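This structure is a prediction, so every number in the text was calculated from the model and none was measured.
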Amino acid sequence: MRTITMRTAIFEALSEEMERDDKTVLFGEDVGKFGGVNAITKGLYKKFGGERVFDTPITETTIVGAALGMAITGLRPIPELQFGDFVGIAFDEIYNKLGKWRWMHGGTMEVPVTLRLPIGIAGGAGPEHSQSPQALFMHGPGLHIVVPSTPYDAKGLLKTAIRDNNAVLFFEHKVLYDLKGEV
């Protein structure tokens with residue numbers, strides 16, 4: 001096994017799953033050319049192009065709503081909210097749409113969305129950029145919640161989440177990005 005950081009494990013999982021399935025798209029605030037505020041997606045824009053890795057405006061509701069639309073029409077979207085703290089802005093789209101639509105429509109559609117949400121305090125970012133809101137969704141019908149604690153867990157769980165045909169909220173603690181472990 002190799003020793004890598006959680007940041008690298010997440011990057012590898014994203015890259016490998018995008019290579020595996022050309023219907024997988026990655027988007028969010030600054031994830032494209034810039035490579036993400038946490039440098040997780042750096043290099044994916046160049047590797048997969050602007051149609052599969054792209055930036056969005058700062059509009060969390062639209063990001064999540066677009067992911068739902070993409071998912072129910074055959075894509076496998078991986079949206080990222082720049083900070084998990086902003087889930088409150090998109091709460092309706094996450095709780096009432098991502099989690100429930102499959103079941104509200106008699107199981108006739110799949111919602112393969114993996115919403116990446118960086119959480120936790122890191123670098124003194126302040127109260128609007130340092131929360132851990134995952135408990136808000138623990139009882140959300142139809143939502144799968146993932147909170148990895150090691151690079152090994154992060155890579156395996158992210159790959160599993162992306163392949164899942166249900167909505168998965170993938171919470172990544174920012175303090176753990178530089179944690180090293182065997183993968």
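- Taking the six-membered ring for Trp and the full ring otherwise, F11 and Y177 have centroids separated by 6.0 Å or more.
- We find the CZ-CE distance between R102 and M104 to be 14.0 Å, quoted to the nearest 0.5 Å.
- Tracing side-chain contacts under 4.5 Å through hydrophobic residues (I, L, V, M, F, W, Y), one never reaches V147 starting from L158; they form parts of separate clusters.
- Between the CD1 atom in I78 and the CG atom in L115 there is a gap of 11.0 Å [rounded to 0.5 Å].
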Distance-only donor-acceptor pairs under 3.5 Å for side chains of residues 57-72, two or more places apart:
residue: T59; atom: OG1; partner: T62; partner atom: OG1; Å: 3.0
residue: T61; atom: OG1; partner: I89; partner atom: O; Å: 3.0

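- Distance CD1/I145 to CD/Q134: 8.5 Å, rounded to 0.5 Å.
- By the salt bridge (charged side-chain N to carboxylate O under 4.0 Å, His left out) test, K47 pairs with E19, sequence neighbours left out.
- When hydrophobic clusters are built by joining Ile, Leu, Val, Met, Phe, Trp and Tyr residues whose side-chain heavy atoms come closer than 4.5 Å, directly or via intermediates, L136 is grouped together with L98.
- For Y45, the side chain to side chain donor-acceptor pair (under 3.5 Å) criterion is met by no residue, not counting sequence neighbours.
- Among residues two or more places apart in sequence or in another chain, the side chain to side chain donor-acceptor pair (under 3.5 Å) test is passed with H105 by none.
- Here D22 pairs with nothing under the salt bridge (charged side-chain N to carboxylate O under 4.0 Å, His left out) rule; sequence neighbours left out.
- Residues that satisfy the ring-ring contact (aromatic ring centres under 6.0 Å, His included) test with F27, not counting sequence neighbours, are F54.
- Two different hydrophobic clusters hold L176 and L81 under the rule that ILVMFWY side chains link at heavy-atom gaps under 4.5 Å.
- Side-chain contact check for R7 versus D178: some heavy-atom pair is nearer than 4.5 Å.
- Applying the side chain to side chain donor-acceptor pair (under 3.5 Å) test to every pair with at least one member in residues 155-164, sequence neighbours left out, gives these pairs: E12-K155, E16-K155, E16-K159, E17-K159, E17-R163, H144-D164, D164-N166.
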Practice task
Carefully, step by step, assess I10 and R116 under the rule side chain to side chain contact (heavy atoms under 4.5 Å, CB included).
Solution key: CA-CA 10 Å; I10 293 170; R116 292 185 46 244; 4.1 Å; yes
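- Looking at F137 and I94, their side chains come closer than 4.5 Å, going by heavy atoms from C-beta outward.
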Exercise for the section: Please test E182 against Y152 for side-chain hydrogen bond (donor to acceptor under 3.5 Å, both in side chains), starting from the C-alpha separation and ending with a verdict. Expected result: CA-CA 6 Å; E182 290 186 341; Y152 180 86; over 6 Å; no
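- Hydrophobic clustering (ILVMFWY, side-chain heavy atoms < 4.5 Å, transitive): V146 and L14 are in one cluster.
- For R52, there are no salt bridge (charged side-chain N to carboxylate O under 4.0 Å, His left out) partners two or more places apart in sequence or in a different chain.
- Listed by first and then second residue, the side chain to side chain donor-acceptor pair (under 3.5 Å) pairs that reach into residues 23-43 are D30-Q82, sequence neighbours excluded.
- The side chain to side chain donor-acceptor pair (under 3.5 Å) pairs that include a residue from residues 87-98 are D92-N96, D92-K97, N96-K100, where partners are two or more places apart or lie in different chains.
- Remark: E172 CD to S149 OG distance equals 13.0 Å, nearest 0.5 Å.
- Remark: T56 pairs with no residue by the side chain to side chain donor-acceptor pair (under 3.5 Å) rule, at least two apart or across chains.
- Every residue meeting the side chain to side chain donor-acceptor pair (under 3.5 Å) condition with R76, not counting sequence neighbours, appears here in chain and number order: N165.
- Both V87 and V113 sit in one connected hydrophobic cluster of ILVMFWY residues. Membership requires side-chain heavy atoms under 4.5 Å apart, directly or through other members.
- Residues F170 and L117 form no side-chain contact, since every pair of their non-hydrogen atoms from C-beta on lies 4.5 Å or further apart.
- Between G84 and I119, the shortest heavy-atom contact is CA-CG2, 4.3 Å.
- Counting only distance, with no hydrogens or angles, the side chain of T114 and the backbone of A161 share a donor-acceptor pair below 3.5 Å.
- Residues L179 and P151 are in side-chain contact: their nearest non-hydrogen atoms beyond the backbone lie under 4.5 Å apart.
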Exercise for the section: Step by step, work out the side chain to side chain contact (heavy atoms under 4.5 Å, CB included) result for K174 and F83. Expected result: CA-CA 10 Å; K174 295 179 291 234; F83 293 94; 3.6 Å; yes
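- Side-chain contact between H173 and P148: absent, with no pair of heavy atoms (C-beta onward) separated by less than 4.5 Å.
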